[in-house]
Undergrad: 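My structure is below; once you've seen it, I'll send some questions.
Per chain, numbering begins at 1; letters A, B, ... match sequence-line order. Just so you know, these numbers come straight off a predicted model, no measurement behind them.
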2 protein chains.
Amino acid sequence: MPRPHTPILSPARIRAAALALVDRDGLDALSMRKLAAELGVQAASLYSHVATKEDLLNDVASEIIGRVDVAGFTAGWREGLVRWARSYRAVLAEHPNMVPFVSRGPDRRDASLRMADAIHGGLVGAGWPPREATMIGAAVKYVVIGAATSSFAAGFSDDAQLYVARYPHLNQAHLLRQHAEEVDNDSFELALGALLATLDAKHTAPVAEAVVRTPAP
Amino acid sequence: MPRPHTPILSPARIRAAALALVDRDGLDALSMRKLAAELGVQAASLYSHVATKEDLLNDVASEIIGRVDVAGFTAGWREGLVRWARSYRAVLAEHPNMVPFVSRGPDRRDASLRMADAIHGGLVGAGWPPREATMIGAAVKYVVIGAATSSFAAGFSDDAQLYVARYPHLNQAHLLRQHAEEVDNDSFELALGALLATLDAKHTAPVAEAVVRTPAP
DNA sequence: ACCTGAACACCGTTCAAGT
DNA sequence: ACCTGAACACCGTTCAAGT
């Protein structure tokens, strides 16, 4: 066995350590040097396994997105959408400090494109015209990303009572910390439920056509 | 006139230059040194007018949020919400590179709190119970922030056709650049319209009570 | 009061050198 | 093949010094 050292690093280990650091200290606290220190190694060593900090974060983001449940469409488009929306939100809520990065812009990440494709395919397969499927996917995504991004609960600090005192209407707005998650959740379900109700009303005609076009095998 | 120099900098001039730089080159491209260079000055000079880079960005964000129209509630809660949502989205769309910063987390900025307070006050004044007003404000905000954050059009690059080739369902998804803005807009209006339809249905009872409780002056 | 020059403690990334 | 040490071109921020 002439191998001089068993390797101490690997892309997966680096990703895990990066995510742990971001979860603990925030996205801005992640530096290649701190990450290396956490792994007992020099900063330059990371570049044997990772091309760039941006790439590393993209890979971490892809791992997160990959955990979203897009399999619900076997039980119908409604169930597919609901499971997608709730699991998408839950997965983001597990890593609030990664949300700004994960939800940045029009997504070029492979995992995000696969997710978008699964949703679009599920909707089209259930009879929604492609143009409407795109809009529905986008609208649900807006609600999820918005809820994850501007959550009351995420990073809610204990000095929040300060604001309650200064802004009269917020005073009665149930913004206390113990209610923040509940308000987040109810607001999210309000938006999601409203969207589904509208889709239920629209749904009747297009799905009938689709059954004709794509008969069961 | 013993004044040695007429001051070349001011907080407002610095904010304007910072926003222009971010709009042109992106949020990551903003550094105090580049900003100073743009203003024909040394980096250290900025600190006579601005406490910190973070503070500067917060002030820029406040200016942006301050342009949002929250005055529509004089024409009823429905008109108030619609004008708020559309102008909020439009204001963010004017500065897509600032969106990640403007919509970060639970907002501690004064302008954001004033906006939230105006919306909440408008809804409560129209008869919505405080708890529901909070949820409605949050739900509309989710749609606006989500639409601004994960817009197809913002930063849509010209090599997007690459993905269309690789992902079959996206192929038919009308994701070509010339349609991106239209899809964004229709998806946003779908989500907003769904929310309003649900609120219209809920609205009847609470508003009647409110008229009794808060009679006209 | 406002701006400068130099410095401090950081960054991401590269690269020759060691094993 | 993997890790190190040193270096490069950057950061945000501070502070004594000039006017």
Undergrad: What one-letter contact string describes nucleotides 6-11 of chain C from 5' to 3', where B marks a base within less than 4.0 Å of any protein heavy atom, S marks contact via sugar-phosphate atoms alone, and - marks no contact?
TA: -B---B
Undergrad: Which one is paired to dT13(C), where only Watson-Crick or G-U wobble pairs with both distances under 3.5 angstrom count?
TA: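 Partner of dT13(C): dA7(D).
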Undergrad: Would R89(B) and E189(B) count as a salt bridge (charged side-chain N to carboxylate O under 4.0 Å, His left out) if you check the C-alpha gap in whole Å, the side-chain angles of each, and the deciding distance to 0.1 Å?
TA: CA-CA 11 Å; R89(B) 174 166 178 261; E189(B) 292 291 341; 5.7 Å; no
Undergrad: What nucleotide, of dG5(D), dC3(C), dC3(D), holds the atom closest to the side chain of L9(A)?
TA: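 Ranking dG5(D), dC3(C), dC3(D) by closest atom to the L9(A) side chain puts dC3(D) first.
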Undergrad: What is the minimum heavy-atom distance between L196(B) and W77(B), and which atoms define it?
TA: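 So the minimum-distance heavy-atom pair works out to CD2-CZ3, 4.3 Å.
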Undergrad: Looking at CE of M32(A) and CD1 of I14(A), how far apart are the two atoms once the value is rounded to the nearest 0.5 Å?
TA: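 Separation between the atoms: 7.5 Å.
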Undergrad: Would you say H49(A) places a side-chain N or O within less than 4.0 Å of OP1 or OP2 belonging to dA1(D)?
TA: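 Answer no for this pair, as no side-chain N or O of H49(A) is under 4.0 Å from OP1 or OP2.
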Undergrad: Which pairs, with at least one residue in residues 39-66 of chain B and sequence neighbours excluded, count as a salt bridge (Lys or Arg N to Asp or Glu O under 4.0 Å)?
TA: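 Of all non-adjacent pairs touching residues 39-66 of chain B, those that pass salt bridge (Lys or Arg N to Asp or Glu O under 4.0 Å) are R15(B)-E63(B).
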Undergrad: With a 4.0 Å cutoff (strictly under), does any side-chain N or O of Q42(B) reach OP1 or OP2 of dG5(C)?
TA: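 The answer is yes; a side-chain N or O of Q42(B) sits under 4.0 Å from OP1 or OP2.
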Undergrad: Would you say S45(A) reaches dT4(D)'s phosphate, i.e. side-chain N/O to OP1/OP2 under 4.0 Å?
TA: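 So the side-chain polar atoms of S45(A) do come within 4.0 Å of the phosphate oxygens OP1 or OP2 of dT4(D), strictly under.
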Undergrad: For N185(B) and R86(B), does a side-chain donor sit closer than 3.5 Å to a side-chain acceptor?
TA: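 No pair is found: no donor N or O on one side chain lies under 3.5 Å from an acceptor on the other.
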Undergrad: For the side chain of Y47(B), starting at C-beta, report the closest nucleotide among dC3(C), dC2(D), dT14(D).
TA: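 In terms of side-chain proximity for Y47(B), the closest of dC3(C), dC2(D), dT14(D) is dT14(D).
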Undergrad: Between dC3(D), dC3(C), dT13(D), which one does the side chain of I8(A) approach most closely?
TA: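 Output: dC3(D).
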Undergrad: For residues V68(B) and S87(B), report the shortest heavy-atom separation together with the two atoms involved.
TA: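 V68(B) and S87(B) have their closest heavy atoms at CG1-OG, 3.5 Å.
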Undergrad: May I ask which nucleotide in the shown strands pairs with dA1(C), Watson-Crick or G-U wobble, both distances under 3.5 Å?
TA: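 WC or wobble partner is dT19(D).
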